[in-house]
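The structure under discussion appears below in the form of structure tokens.
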Amino acid sequence: MARKETAKENFYQKVYALVRQIPEGKVSTYGAIAEKIGTKLSARMVGYALSQCVGTDVPAHRVVNRFGALTGKHHFGPPDLMKRLLQDEGVTFNADETVKMDLHFYDFKRQRR
DNA sequence: CGATTGACGTTAA
DNA sequence: TTTAACGCCAATC
């Protein structure tokens, strides 16, 4: 321990760690993740990290923006893949392809308590 | 090394 | 109210 968390290298690791712990049928937001990591001031880079997580063990499709909109669906390849994956996991959507955050929002802090 | 962008979010005009 | 710009931090060009 006592290791200096440069945060830079840990950033992706933290993002991945958090996203990885999101259960199926649940989703999270960039702001929530960013805040949990400590870089809440720049939620942008959270999404940035996710864009690279596609192809790894991180279920990026469970991460959406604050509106619950699948902002990065086109990063998965097929534009319908993201929504499809979530629906397959039990996540429901509004008429606008937005996740019903009220039903599937995964609260990191709550889970940690 | 410098400048630009980027799956966001918030505040200001 | 809607639209625009800003901020933040790191990665990529």
Side-chain angles (χ1 to χ4, degrees):
Chain A
M1 321 67 178
R3 176 196 307 110
K4 241 153 159 232
E5 296 178 33
T6 341
K8 305 187 1 181
E9 299 184 25
N10 282 281
F11 187 86
Y12 273 50
Q13 299 299 320
K14 288 178 179 180
V15 175
Y16 298 154
L18 289 168
V19 177
R20 250 186 249 147
Q21 74 187 261
I22 299 175
E24 296 179 12
K26 289 279 183 177
V27 294
S28 184
T29 67
Y30 303 104
I33 295 167
E35 188 177 340
K36 203 79 187 90
I37 294 166
T39 56
K40 60 182 176 193
L41 299 178
S42 49
R44 319 174 110 194
M45 63 91 35
V46 177
Y48 211 80
L50 288 172
S51 70
Q52 340 243 329
C53 91
V54 177
T56 69
D57 345 8
V58 184
H61 59 271
R62 290 186 192 145
V63 187
V64 296
N65 70 350
R66 203 187 78 67
F67 295 97
L70 288 55
T71 39
K73 61 181 180 187
H74 81 122
H75 280 264
F76 292 85
D80 291 25
L81 180 61
M82 190 171 183
K83 190 170 90 172
R84 198 143 100 183
L85 286 168
L86 291 169
Q87 286 187 36
D88 184 65
E89 291 183 353
V91 178
T92 47
F93 286 80
N94 294 303
D96 287 332
E97 303 180 350
T98 47
V99 179
K100 293 189 178 182
M101 306 300 284
D102 303 296
L103 307 176
H104 308 293
F105 179 62
Y106 181 79
D107 201 324
F108 286 106
K109 285 174 184 161
R110 203 169 100 113
Q111 196 266 338
R112 216 170 83 111
R113 282 195 28 160

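A note on names: the letters A, B, ... follow the listed sequences, proteins ahead of strands, and every chain is numbered from 1.
- A/Phe67 comes within 4.0 angstrom of no nucleic acid atom, judged by non-hydrogen atoms across all strands.
- For the pair A/Ile37 CD1 and C/dC8 C1', the computed distance is 13 Å after rounding to whole Å.
- No salt bridge links A/Glu89 with A/Lys26; every basic N to acidic carboxylate O contact stays at or beyond 4.0 Å.
- For A/Arg84, the CZ atom is loosely surrounded, since the number of other residues' heavy atoms within 6.0 Å does not exceed 12.
- The backbone N or O of A/Gly25 lies less than 3.5 Å from a partner atom in the side chain of A/His104, making a donor-acceptor pair.
- Running 5' to 3' along DNA chain B, contacts with non-hydrogen atoms of chain A at under 4.0 Å begin and end at B/dG6 to B/dT10.
- Atom OH in A/Tyr48 sits roughly 13 Å away from atom P in C/dA10 (whole-Å rounding).
- Base contact: A/Val54 has a heavy atom under 4.0 Å from a base atom.
- Taking the side chain as every heavy atom from C-beta outward, A/Phe93 and A/Thr98 never approach each other to under 4.5 Å.
- With a 4.5 Å cut-off on side-chain heavy atoms, A/Tyr48 and A/Tyr12 count as touching.
- Among the atoms of the strands shown, base atoms are found under 4.0 Å from some heavy atom of A/Val63.
- No contact: A/Ala49 has no heavy atom under 4.0 Å from any strand.
- Put simply, the side chain of A/Asp107 gets close to the backbone of A/Lys109: a donor and an acceptor are under 3.5 Å apart.
- Atom-to-atom, NZ of A/Lys14 to P of C/dA10 comes out at 11 Å; the value is rounded to the nearest Å.
- C/dA5 atom P lies 14 Å from atom CZ of A/Arg44, rounded to whole Å.
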